[in-house]
Every structure is written in structure tokens, then in C-alpha cells.
Colleague: 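Input: one structure, supplied below.
Letters A, B, ... are given to chains in the order of the sequence lines, protein chains preceding strands, and every chain is numbered from 1. If you're wondering where the values come from, they're calculated on a predicted model, not measured in any experiment.
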There are 2 protein chains.
Amino acid sequence: MAMPRLNEFHDRDLKISDFAKVLSHPARVAILRVLAEKKECICGDLVADLPLAQASVSQHLKALQEVGLIQGTIDGPKSRYCIDWKVFDRFQRDMGKWSEKMMNLRQDNCC
Amino acid sequence: MAMPRLNEFHDRDLKISDFAKVLSHPARVAILRVLAEKKECICGDLVADLPLAQASVSQHLKALQEVGLIQGTIDGPKSRYCIDWKVFDRFQRDMGKWSEKMMNLRQDNCC
DNA sequence: AGCCTATATCGTATGCATACGATGATCAAG
DNA sequence: CTTGATCATCGTATGCATACGATATAGGCT
């Protein structure tokens with residue numbers, strides 16, 4: 001009964017919702033912000049900054065990696081992360097296009 | 001154990017994640033799109049367009065209403081919905097500001 | 001080799017989101 | 001006032017996301 005039938009949604013809508021899903025948790029937003037702010041992008045720093053256990057932070061890092069928004073490099077025993085700005089820019093541009101398209105569709109003869 | 005301690009996240013991050021949560025389901029994105037496209041914004045039309053039961057659509061409509069993105073008007077036995085463009089514009093602007101801020105923080109000496 | 005540090009992953013528990021049928025509420029029409 | 005149509009809400013079931021401790025992995029150090 002809880003079968004979302006996600007395949008029947010339009011691709012354009014799925015694209016936006018998929019992107020939004022990535023940012024739908026404050027931890028992931030915070031990770032992106034910290035990665036953009038700090039010069040050192042080490043996992044331990046993130047764990048220190050976030051109100052989460054190390055395992056949870058790693059989990060969120062993995063999610064961000066899976067959509068390509070961040071890249072991880074093994075640096076000795078540590079892990080260095082950074083934002084893939086090319087991907088970030090594409091995401092941001094897509095969102096911009098979406099809201100722009102929405103604005104253009106605006107109909108004044110409604111409600 | 002599954003206590004997110006959400007209160008310990010920064011407000012700026014929560015603001016973005018809250019917004020993203022609204023768009024994190026294709027049904028809500030689709031509803032917004034259909035509302036922007038169609039001249040008639042009747043609930044039944046949305047039910048016909050979406051691969052969801054009427055109860056589920058109503059649920060998503062309620063969620064969109066709770067964040068102010070759409071407004072509902074009772075029109076006889078029907079319900080007429082429309083986007084609150086003032087709110088939509090504020091959301092869109094906030095997202096834009098966020099990504100702009102992110103871009104500005106970009107540090108080249110990382111990774 | 002043995003140990004410490006840093007991180008990823010596994011396993012598990014739990015809560016939230018979601019989907020739906022059923023029911024309730026409201027209005028128009030006859 | 002009864003019927004049919006439309007929609008909201010309730011109750012419930014279920015799956016996904018999330019959080020965490022525990023464990024595995026890997027590298028550096030002595």
C-alpha cells in the first residue's frame with residue numbers, strides 16, 4: 001500500500017525533488033557550508049562542528065558523495081573532502097531554471 | 001537513539017533544509033507545476049494528473065499550505081488552490097542567496 | 001610487529017514520511 | 001431532505017531516512 005509509484009512522476013519533477021532531497025537535512029547543508037568556509041576539509045573537523053556522531057557524519061558525507069556534490073580524498077589516515085563546484089553550479093543553475101520557468105508560467109487569472 | 005538533536009543545528013542551515021524538504025517529494029513539485037500551468041486550480045484536476053489517491057494528494061496540498069506556498073479557497077463543493085507567488089518568490093530568493101553565499105565562500109586552496 | 005588515530009561500514013533501533021481506504025463534512029441540485 | 005459530488009481528515013500500514021555503537025580498515029609511528 002505504501003507503493004509510491006515514483007516512476008509515474010515526470011522526470012522534470014523528479015529531478016527537482018531529487019536535488020531537494022539532498023538538501024533536506026540540516027546536517028548535509030551544514031557540511032556543505034563548512035566545506036565552503038574552512039580551508040581544511042577533514043572529516044574530523046566536520047564531526048567536531050556537527051551535533052552528530054562520527055558514524056552519522058560519515059553517512060551524510062556518503063550521501064553527498066553519491067550525488068557528486070562533494071569529493072573525498074584519502075590523505076594518510078585522514079579523509080579530506082571538498083565540494084565539487086562544477087556539480088554544485090549545475091545544481092544551482094537547474095534550480096534557478098526551475099523557479100524561472102515557474103515564474104513564467106504564472107497565470108493571473110487563477111484564484 | 002534516533003534523536004536528531006535538530007535544535008543544535010544552525011538556523012541558516014535549518015532554513016535551507018526546511019525549504020528543501022518541501023520540494024523533496026515529486027508530488028509536491030508536480031502540484032506546484034500544475035498549479036502554475038493550469039488556469040483552473042481545482043483539487044480534482046490535480047488528483048487526475050498525479051499517480052496518487054485523492055487522500056494522498058490532499059495530504060501533499062496540506063503540506064504545501066502549511067509552509068504558505070499555496071492558498072486554498074473553498075468554492076462550493078470544490079476546493080480551488082493557487083500558488084502564493086509572494087511566498088514562492090521569497091523562497092526562490094532565499095535559495096538564490098544561499099547558493100550565492102556558498103559560491104563566495106569558495107576557497108581554492110582546498111583539495 | 002604492535003599500537004594509536006582516523007575513518008568507513010555494519011547492524012540495529014526508531015521515528016518520520018508516505019500511501020491508502022474509510023469516514024466525515026460540505027455544498028449543489030433535484 | 002435526500003442524493004451525489006467533492007474534498008478533508010482519520011486511522012493504519014509500511015518503507016525509507018536517520019542515529020548510533022560496534023566493528024572493520026587503513027595508515028602512520030615507535
Side-chain angles (χ1 to χ4, degrees), chain A residues 1-9 13-14 17-31 34-35 40-67 70-82 111, chain B residues 1-9 13-14 17-31 34-35 40-67 70-82 111:
Chain A
M1 256 153 233
M3 276 274 291
R5 286 187 289 171
L6 281 186
N7 47 323
E8 303 191 22
F9 284 106
D13 298 333
L14 284 167
S17 65
D18 282 345
F19 174 41
K21 243 188 278 281
V22 183
L23 297 183
S24 70
H25 195 288
R28 288 189 288 271
V29 178
I31 286 174
V34 172
L35 286 186
E40 294 288 349
C41 312
I42 294 173
C43 175
D45 293 345
L46 293 164
V47 175
D49 278 354
L50 299 182
L52 290 176
Q54 176 261 326
S56 305
V57 174
S58 267
Q59 209 167 302
H60 286 296
L61 284 169
K62 192 182 177 187
L64 286 167
Q65 252 182 326
E66 273 166 359
V67 297
I70 66 174
Q71 287 180 343
T73 341
I74 296 174
D75 180 19
K78 307 185 177 178
S79 281
R80 192 170 299 274
Y81 285 97
C82 62
C111 298
Chain B
M1 259 156 230
M3 276 273 291
R5 288 188 288 171
L6 280 186
N7 47 323
E8 303 191 23
F9 284 106
D13 299 332
L14 284 167
S17 64
D18 282 345
F19 174 41
K21 243 187 279 278
V22 182
L23 298 182
S24 71
H25 195 288
R28 288 189 288 272
V29 178
I31 287 174
V34 173
L35 286 186
E40 294 289 348
C41 312
I42 292 173
C43 176
D45 293 345
L46 293 165
V47 175
D49 279 353
L50 299 182
L52 290 177
Q54 175 261 326
S56 306
V57 174
S58 268
Q59 210 167 301
H60 286 297
L61 284 169
K62 192 181 177 187
L64 286 167
Q65 252 182 325
E66 273 165 359
V67 297
I70 66 174
Q71 287 179 343
T73 341
I74 297 173
D75 180 19
K78 307 183 177 180
S79 280
R80 192 171 300 272
Y81 285 96
C82 62
C111 298

Colleague: From the set dT5(C), dT18(C), dT7(C), return the single nucleotide nearest to any side-chain atom of His60(B).
Modeller: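 So the nucleotide nearest the side chain must be dT18(C).
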Colleague: Output yes when at least one side-chain N/O atom of Ser79(A) is less than 4.0 Å from OP1 or OP2 of dT7(C), else no.
Modeller: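 False: Ser79(A) side-chain N/O out of range (4.0 Å or more) of dT7(C) OP1/OP2.
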Colleague: Which one, dA5(D), dC7(D), dC20(C), comes nearest to the side chain of Pro77(B)?
Modeller: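 Closest nucleotide among those given: dA5(D).
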Colleague: Provide the closest heavy-atom pair for Ala27(A) versus Leu52(A) in the form atom of the first, atom of the second, distance.
Modeller: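 Reported closest heavy-atom pair: CB-CD1, 3.7 Å.
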Colleague: Considering heavy-atom distances to DNA chain D, does Ala55(B) or Gly76(A) have its closest nucleotide positioned more toward the 5' end?
Modeller: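 Closer to the 5' end of DNA chain D: Ala55(B).
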Colleague: Rounding to a whole Å, what distance do you find between Arg80(A):CZ and dA6(C):C1'?
Modeller: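 Between C1' of dA6(C) and CZ of Arg80(A): 13 Å.
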Colleague: What's the spacing between Gln65(A) CD and His60(A) NE2 if we round to 0.5 Å?
Modeller: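 Here the rounded value is 14.0 Å.
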Colleague: When the distance from OH of Tyr81(A) to P of dA6(C) is rounded to whole Å, what number comes out?
Modeller: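 From Tyr81(A) OH to dA6(C) P: 15 Å.
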Colleague: Could you tell me the separation between the NZ atom of Lys21(B) and the C1' atom of dG15(C), rounded to a whole number of Å?
Modeller: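 After rounding, the gap between these two atoms is 13 Å.
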Colleague: In whole angstrom, give the distance that lies between atom NE2 of His25(A) and atom P of dG15(C).
Modeller: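 From His25(A) NE2 to dG15(C) P: 15 Å.
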Colleague: For Ile42(B), answer base if it contacts any base atom (sugar-phosphate contacts may also be present), sugar-phosphate if it contacts only those atoms, and nothing otherwise; contact means non-hydrogen atoms under 4.0 Å.
Modeller: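 Sugar-phosphate, backbone atoms only, no base.
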Colleague: Distance check needed: dA17(D) C1' versus Leu61(A) CG, whole Å only.
Modeller: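 Between C1' of dA17(D) and CG of Leu61(A): 16 Å.
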Colleague: Would you indicate whether the side-chain heavy atoms of Val57(A) and Gln54(A) approach each other to under 4.5 Å?
Modeller: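 Counting from C-beta outward, Gln54(A) and Val57(A) never come under 4.5 Å.
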Colleague: If I take atom NZ in residue Lys78(B) and atom C1' in nucleotide dC7(D), what distance separates them, rounded to the nearest angstrom?
Modeller: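 Checked: the NZ to C1' distance equals 12 Å.
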Colleague: Given dC20(C), dA8(C), dT18(C), which nucleotide is nearest the side-chain atoms of Ala53(B)?
Modeller: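 Shortest atom-to-atom distance from the side chain points to dC20(C).
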Colleague: For a quick test of reading the model, state the closest non-hydrogen atom pair linking Phe9(A) to Pro51(B) and the distance between them.
Modeller: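 Smallest interatomic distance, heavy atoms only, reads CE2-CD, 3.7 Å.
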Colleague: Considering only side-chain heavy atoms of Cys43(B), which listed nucleotide, dT7(C), dT18(C), dC7(D), is closest?
Modeller: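 Comparing dT7(C), dT18(C), dC7(D) against the side chain of Cys43(B), the answer is dC7(D).
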Colleague: How is Ser56(A) classified with respect to the nucleic acid when contacts are heavy atoms under 4.0 Å: base, sugar-phosphate, or nothing?
Modeller: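 Base contact.
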Colleague: Starting at CG of Leu46(A) and ending at P of dA19(D), how long is that distance when rounded to a whole Å?
Modeller: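 Nearest whole value for this atom pair: 14 Å.
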Colleague: Please report the distance, rounded to the nearest Å, between CG in Leu52(A) and P in dG21(D).
Modeller: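 Between P of dG21(D) and CG of Leu52(A): 11 Å.
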Colleague: Using only heavy-atom distances, decide whether a donor-acceptor pair under 3.5 angstrom links the side-chain of Gln59(A) to the base of dC10(C).
Modeller: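 No.
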Colleague: Considering non-hydrogen atoms only, spot the tightest contact between Arg28(B) and Val22(B) and give its length.
Modeller: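 Smallest heavy-atom distance, with atoms named: NE-O, 2.7 Å.
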